[in-house]
Every structure is written in structure tokens, then in C-alpha cells.
Amino acid sequence: MLKFIALSFICFKVCTEGAHLNNLEAARFIKPDIHEHEVAQLTKDAVSKPFWLHFASAKKPSYRRYGEELLPRFAECTQSKSLIARITHGEKAHLKEYPWMALLEYTNGKEKRHLCVGSLINHRYVITAAHCLESHLDLGLSSVRLGEWDTSTNPDCILNAYGEGFCAPKHIIVMIEHAVPHPLYKPNSKNSINDIGLLRLERNIRYNDFISPICLPRSAESNKITYDGTRMAVIGWGRDENSKENTIKMKASVVGVGAERCKRFYRSKYVTLTDSQICAVGDGGSDSCQGDSGGPLITTQTVKNRSTTVYILAGIVSFGSKNCGLEDFPSVYTKVDKYTAWILHTIKP
């Protein structure tokens, strides 16, 4: 009996340490063995979960480190207007709307290009797609532009309802200190699993009305949300349904597609999706397009015990049809709440 108890204790310790090592791999504290994880990453059901993982729980990630908040609380995030109002074929965003938007700047000699976008999530980090970091290495990702609205003017100005001119502060350009694609992202995989990355900026960003962060999902129940039938929005400067590039920040309405329906659709195209991805189709011809890669798929959440509603980053633009606005061809987004632990382990105060 004593031998049985001793063996059981040793087994439990080994299994717990194994789960801890898996978490360290995802957090990039140790180098992962990609080949060992390859099959398990393709589909949730490809490999059954070892029985001991049901008993050995990993330590929950902390939102605080060294006494500082790693991510903004709801009070710091931009309050939203309702997403219920339909956005037809994409519309221009207001000058003050979506102040977390970041243009990623790629430098090739003297030429600067904007091939991807991202979202500011705290004073020091921008979140985007891993393929924006891995697929344009020859161009050299160098900086991000914050506080931008119209890429053809600086500062950006509009006329108010009384015909009076109003200008935002000039946009700012911040150099990138470090780029961190998810360690299990594989650039050559057409499944685009783990298509998420972080950019650490060279300095802290001071918030204002035109530069402020978007909130990430915090609820423990958020990873159970399917978004099927949920109206959401995508933001960016990408091409519109006429394949014309926009200089002004645009917003487009999309509707979530059921996971099983989307998996069947892409399976016919030899692409395997997992529960770490969200699908959505254009609402009335609007959609995310080329140039919106890495951009936000947003929804709203009402704060408990308050009457305020805030924007939440539900997904990150990953891939889809090269033709914009196809209502029967869903685009695929990385589901952010599946990566909260990795984000919290990766970012530094």
C-alpha cells in the first residue's frame, strides 16, 4: 500500500511538471520541439488529451507583474457606440474612432510601405498577425504609426457640423524594439494556426483621445464564445470591394460563421481549421481585404455594474479570399482569447 501511494505521488509530480513545461514552451521560456507538437496543432481532436492533464492544472497567468498592470482595465479602454448599426460596403471611420489602430511600416531603402496593421494593447505593445512578421522579412519591419486617420495628410483635419475645422494632433512614428511571433506559428502552413504576434515598442506610449488601447477578453467564459451569428467589425486601410486602396481608416461589418460550417468549407479547400480560429463573412458586401492583415476583429462587451460598453479584441485578421466582400466566402481570424496566457507570459512591463 505504501509503495502504491509513493508511486502515485511520483507520477503526479512528473505529470504536473510536464504540464508546466508545456506552458513554458508556449511562453517561449524554453525552445519548443516543433515536430513534437505538429500533429496536435492541426486539429483539437487529432490527438486525445493525456488522462493526467485532467488532474494537473497549470498556474493561471497573472495580469500583474512587479506591481504593474500588464493589460488595460475596462476603464482605460475606448468606450464604444453600438455595433448594431449596419455598416454597408465599408464606411469611413470618424477621426476619433478606433484609436488603438497601428499601421505597420516596412522600410526598403528610402521607401516605406504599409502592408499590415495591428492594435495597441498597452503602453508598450502592439498585437498583430505572425505572418506580418514572418512573410515580409525582406522588406524590414521597422516601426508603427499611431494616431493615424488619413495617410495622405498630417495632421488630419475635418469639418464639424457647424463647418468649423477641427484637427487631430500629428500622428507619431515609434520604432520597434522587438518582434515576437508565436513560437508555434509555421509560415509555410496553409492552415495559419497560431497566426499571432507581438511588437514591443522602443518607448512607452502616452494615451490621448486619438491614441489609446483596445481591451482583450478577460472573462474566464470568453473562450467558450463561438461568435456564431454575432455582428462584429473589422478596421483598416486595406482595399475596398472595388480593389481600390484607401487612404482613410475604414470600418466594415461582418457576421460570425459557425465553427463546424466554416471547418467544412475550408476542408474542401484542404485547409484544416481549429477552435483557435474564428470565421466571419461580409455583411452586405463588406469584408476584410488585402492590407488589413493583422488588423482587429472587434466586438463589444457591457461592463458589469456599469452602463458603459467597451470594444473587445475578438480576433486578428489572418486569411481569406483575395476577392473582397464575398458573402459566401468566410475570412479567418485568430481567436485572441485562446492566446491570453501566451500574451501575458510574453509581454514585459
Side-chain angles (χ1 to χ4, degrees), residues 72 76-81 87 90-129 132-133 136 139-177 179 198-214 233-240 242-252 288-296 298 311 313 317:
E76 294 181 90
C77 298
T78 306
Q79 295 185 11
S80 76
K81 295 181 180 178
I87 305 169
E91 294 178 1
K92 292 180 181 179
H94 187 270
L95 185 60
K96 282 189 175 183
E97 276 188 306
Y98 318 118
W100 58 81
M101 292 298 296
L103 270 171
L104 274 56
E105 297 191 329
Y106 298 81
T107 305
N108 187 2
K110 294 183 179 180
E111 181 187 10
K112 278 192 176 182
R113 301 180 64 186
H114 303 119
L115 302 176
C116 286
V117 296
S119 303
L120 187 70
I121 59 171
N122 68 10
H123 288 284
R124 200 67 181 264
Y125 282 87
V126 167
I127 194 168
T128 186
C132 290
L133 313 182
H136 306 299
L139 296 177
L141 177 58
S142 58
S143 55
V144 300
R145 186 185 294 187
L146 299 169
E148 182 61 286
W149 181 65
D150 186 344
T151 59
S152 65
T153 61
N154 190 30
D156 297 325
C157 301
I158 59 171
L159 294 176
N160 63 22
Y162 302 99
E164 300 169 338
F166 171 77
C167 293
K170 288 187 176 183
H171 66 246
I172 63 173
I173 296 175
V174 187
M175 300 303 292
I176 296 169
E177 180 181 289
L198 291 165
L199 299 173
R200 179 174 169 85
L201 307 181
E202 70 169 2
R203 61 181 174 87
N204 282 357
I205 303 302
R206 181 175 294 181
Y207 301 152
N208 58 38
D209 288 343
F210 304 89
I211 302 175
S212 61
I214 185 170
V234 286
I235 319 297
W237 288 266
R239 292 180 177 87
D240 61 19
N242 297 315
S243 296
K244 180 181 178 181
E245 291 188 5
N246 295 298
T247 62
I248 294 179
K249 188 191 302 180
M250 303 291 290
K251 55 187 178 181
S288 55
C289 290
Q290 294 174 2
D292 288 325
S293 283
I298 63 172
Y311 287 116
L313 182 63
V317 178

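Each residue takes its place number in the sequence, starting with 1. Keep in mind that what you see is a predicted model, and the values were worked out from it rather than measured.
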Exercise. Which is it for Ile127 and Ile214 under the side-chain contact (heavy atoms from CB on, under 4.5 Å) test, yes or no, and what are the steps along the way?
Worked result: CA-CA 10 Å; Ile127 194 168; Ile214 185 170; 6.0 Å; no
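- Between atom CD of residue Glu148 and atom CD1 of residue Ile211 there is a gap of 10.0 Å, rounded to the nearest 0.5 Å.
- Checked against ring pair (Phe, Tyr, Trp, His ring centres under 6.0 Å), His171 has no partners two or more places apart in sequence or in another chain.
- His123 contributes a side-chain N or O that, together with a main-chain N or O of Ile205, makes up a donor-acceptor pair within less than 3.5 Å.
- Note that CG of Asn246 and NZ of Lys92 are 9.0 Å apart. Values are rounded to the nearest 0.5 Å.
- Put simply, the residue from Ile298, Val234, Ile235 that forms a side chain to side chain contact (heavy atoms under 4.5 Å, CB included) with Lys251 is Ile235.
- In this structure, the side-chain hydrogen bond (donor to acceptor under 3.5 Å, both in side chains) partners of Glu177, at least two apart in sequence or on a different chain, are Arg124, Arg200.
- Counting only heavy atoms from C-beta outward, the side chains of Met250 and Asp292 never approach each other to under 4.5 Å.
- What you find for Leu133 and Ala179 is that their closest heavy atoms are CD1-CB, 4.3 Å.
- Looking at Tyr106 and Cys116, their side chains come closer than 4.5 Å, going by heavy atoms from C-beta outward.
- For the atom pair CE of Met175 and CD of Glu105, the computed distance is 9.0 Å after rounding to the nearest 0.5 Å.
- Separating the NZ atom in Lys112 from the CG atom in Leu103 is a distance of 11.0 Å, to the nearest 0.5 Å.
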For this session: In sequence, state the C-alpha distance, the side-chain angles, and the governing distance for Trp100 and Cys77, and then conclude on side-chain contact (heavy atoms from CB on, under 4.5 Å).
Result: CA-CA 9 Å; Trp100 58 81; Cys77 298; over 6 Å; no
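- Counting heavy atoms from C-beta on, the side chains of Val174 and Val126 never come closer than 4.5 Å.
- Between the side chain of Asp156 and the main chain of Asp150, a donor-acceptor pair closer than 3.5 Å is present.
- Judged purely by atom type and a 3.5 angstrom limit, Lys249 uses its side chain to pair as donor or acceptor with the backbone of Tyr98.
- The minimum heavy-atom distance linking Ser119 with Leu313 is given by the pair OG-CD1, 4.3 Å.
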For this session: For side-chain contact (heavy atoms from CB on, under 4.5 Å), just list the numbers for Leu104 and Leu115, CA-CA rounded to whole Å, side-chain angles, deciding distance to a tenth of an Å, and then say yes or no.
Result: CA-CA 7 Å; Leu104 274 56; Leu115 302 176; over 6 Å; no
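- Between the Asn108 side chain and the Glu111 main chain, no donor and acceptor come within less than 3.5 Å of each other.
- At distances below 3.5 Å, at least one donor-acceptor pair connects side-chain atoms of Trp149 with backbone N or O atoms of Ala93.
- The closest donor-acceptor contact from the side chain of Thr151 to the backbone of Thr247 lies under 3.5 Å.
- The closest side-chain heavy-atom distance from Asn122 to Pro213 is not below 4.5 Å.
- Listed here is the closest heavy atom pair of Gly295 and Val117: CA-CG2, 3.2 Å.
- With sequence neighbours left out, Asp209 forms a side-chain hydrogen bond (donor to acceptor under 3.5 Å, both in side chains) with no residue at all.
- To the nearest 0.5 Å, the span separating CG on Leu199 from CG on Leu120 amounts to 10.5 Å.
- In this structure, the side chains of Glu202 and Ser143 stay at 4.5 Å or more apart for every pair of heavy atoms.
- If you take NZ on Lys96 and CG on Asn208, they are separated by 9.5 Å, rounding to the nearest 0.5 Å.
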